[in-house]
Amino acid sequence: MLPGSAGPPAPFVIVADEGFALAPHVMRPFPRRNLDDRRRIFNYRLTRARRYVECAFGILTHKWRVFLSSLQMSPDNATLVIKACVILHNFIRIHDAPLEACLEESVTESSSSGGLDHTRHGRPGSAGLAYRDLYADYFTSPEGSLP
C-alpha cells in the first residue's frame with residue numbers, strides 16, 4: 001500500500017526511462033505529447049526518482065571499480081558483491097570519509113544502457129497501464145503530493 005493511502009496495494013516497480021517497455025513491474029513516463037497536469041506530475045516524480053537511483057549507482061561505481069563493467073558472476077554472487085559494496089560504503093561514510101558529491105548534477109536522458117536491448121515493440125499490457133495510472137493518481141492526491 002502507498003504511504004497514507006487507503007487505496008489498493010501497489011506493487012514495487014523499477015523506475016525506467018522511455019527506452020523501456022511499460023510493464024506491471026517497470027514504470028516508464030507517459031509519452032511527452034498532450035500531457036495534462038496529472039501526467040506531467042507523474043513524469044516529473046518518476047524522473048526525479050530515477051535520477052536519485054542513477055546518482056547512487058554513480059557514487060558506488062566511483063568508489064568500487066567492480067561496477068565499471070558488467071558483473072561476470074552468478075546472480076547470487078552478484079547480489080553478495082552489491083550488498084558488500086553498499087555496506088562498506090555506509091561504513092566508510094559513517095566512520096571515515098565525507099560522502100562524495102553526486103558526480104553529475106543532472107543525468108542526461110541519453111545515458112548508456114550498458115549494451116542491453118531494452119526496447120520492445122507493441123502495446124503495453126493493461127496491468128502496466130493500470131499501475132501507472134494508480135501511481136499518477138497517488139502523486140496528485142493529498143496523501144502523495146509534495147509541496
Side-chain angles (χ1 to χ4, degrees), residues 1-32 38-121 124-147:
M1 221 188 274
L2 296 170
S5 172
F12 290 105
V13 294
I14 297 170
V15 294
D17 62 16
E18 295 86 359
F20 288 84
L22 179 65
H25 61 284
V26 177
M27 282 297 110
R28 61 167 282 160
F30 285 102
R32 293 183 187 185
R38 178 178 155 274
R39 289 179 174 196
R40 199 169 358 90
I41 290 169
F42 173 84
N43 284 359
Y44 170 76
R45 299 274 300 271
L46 189 75
T47 300
R48 186 175 165 190
R50 197 181 81 247
R51 287 183 179 177
Y52 273 100
V53 171
E54 288 176 0
C55 187
F57 275 110
I59 290 169
L60 281 176
T61 301
H62 183 69
K63 185 177 285 282
W64 310 108
R65 298 185 59 115
V66 68
F67 297 119
L68 288 175
S69 62
S70 59
L71 298 177
Q72 300 294 322
M73 58 187 75
S74 72
D76 289 339
N77 285 341
T79 300
L80 292 173
V81 167
I82 292 167
K83 287 179 181 179
C85 289
V86 169
I87 291 168
L88 288 170
H89 168 79
N90 290 340
F91 179 83
I92 291 169
R93 182 174 169 220
I94 291 167
H95 295 288
D96 233 2
L99 178 65
E100 300 91 347
C102 183
L103 298 177
E104 292 182 32
E105 212 41 55
S106 169
V107 177
T108 60
E109 292 301 318
S110 62
S111 61
S112 169
S113 66
L116 296 177
D117 180 16
H118 50 263
T119 57
R120 184 189 78 185
H121 301 289
S126 59
L129 293 169
Y131 287 135
R132 184 168 63 182
D133 282 334
L134 175 70
Y135 278 100
D137 290 340
Y138 175 73
F139 291 158
T140 55
S141 71
E143 297 85 17
S145 65
L146 293 175

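The CG atom of Leu129 sits 6.0 Å away from atom CZ of Arg132, with the distance rounded to the nearest 0.5 Å. With rounding to the nearest 0.5 Å, the separation of CZ in Phe139 from CD1 in Ile41 is 10.5 Å. Note that CG of Asn90 and NE2 of His95 are 10.0 Å apart. Values are rounded to the nearest 0.5 Å. Between atom CZ of residue Arg50 and atom SG of residue Cys55 there is a gap of 13.0 Å, rounded to the nearest 0.5 Å. Rounding to the nearest 0.5 angstrom, the gap separating the OH atom in Tyr135 from the CE atom in Met27 is 7.0 Å. One finds the NE2 atom of His89 at 9.0 Å from the CH2 atom of Trp64 (value rounded to the nearest 0.5 Å).
Shown here for Pro3 and Tyr138, the closest heavy-atom pair between the two residues is O-OH, 2.6 Å. Contact detail for Phe42 and Pro29: the closest heavy-atom pair is CE2-CA, 4.2 Å. Of all non-hydrogen atoms in Pro24 and Ala127, the two that sit nearest each other are CG-CB, 3.6 Å. Shortest non-hydrogen contact noted between Pro8 and Leu134 is CG-CD1, 3.8 Å. Closest heavy-atom contact between Pro142 and Ser145: O-OG, 3.5 Å. For the residue pair Leu60 and Cys85, the shortest heavy atom distance occurs at CD2-O, 4.1 Å.
In this structure, the side chains of Leu88 and Lys63 stay at 4.5 Å or more apart for every pair of heavy atoms.
Counting only distance, with no hydrogens or angles, the side chain of Asn43 and the backbone of Phe30 share a donor-acceptor pair below 3.5 Å. Side-chain atoms of Tyr44 do not come within 3.5 Å of backbone N or O of Arg39 as any donor-acceptor pair.
For Ser141, the side chain to side chain donor-acceptor pair (under 3.5 Å) partners two or more places apart in sequence, or in a different chain, are Glu143. Residues passing the side-chain contact (heavy atoms from CB on, under 4.5 Å) test with Leu71 are Val66, Phe67, Met73, Ala78, Ile82, sequence neighbours excluded. Looking at residues two or more places apart in sequence or on another chain, you find a salt bridge (charged side-chain N to carboxylate O under 4.0 Å, His left out) between Arg38 and Asp133, Asp137.
In this structure, Arg28 is not positioned above the aromatic face of Phe20 in the sense of NZ or CZ being under 6.0 Å from the six-membered ring centre and within 45° of the axis.
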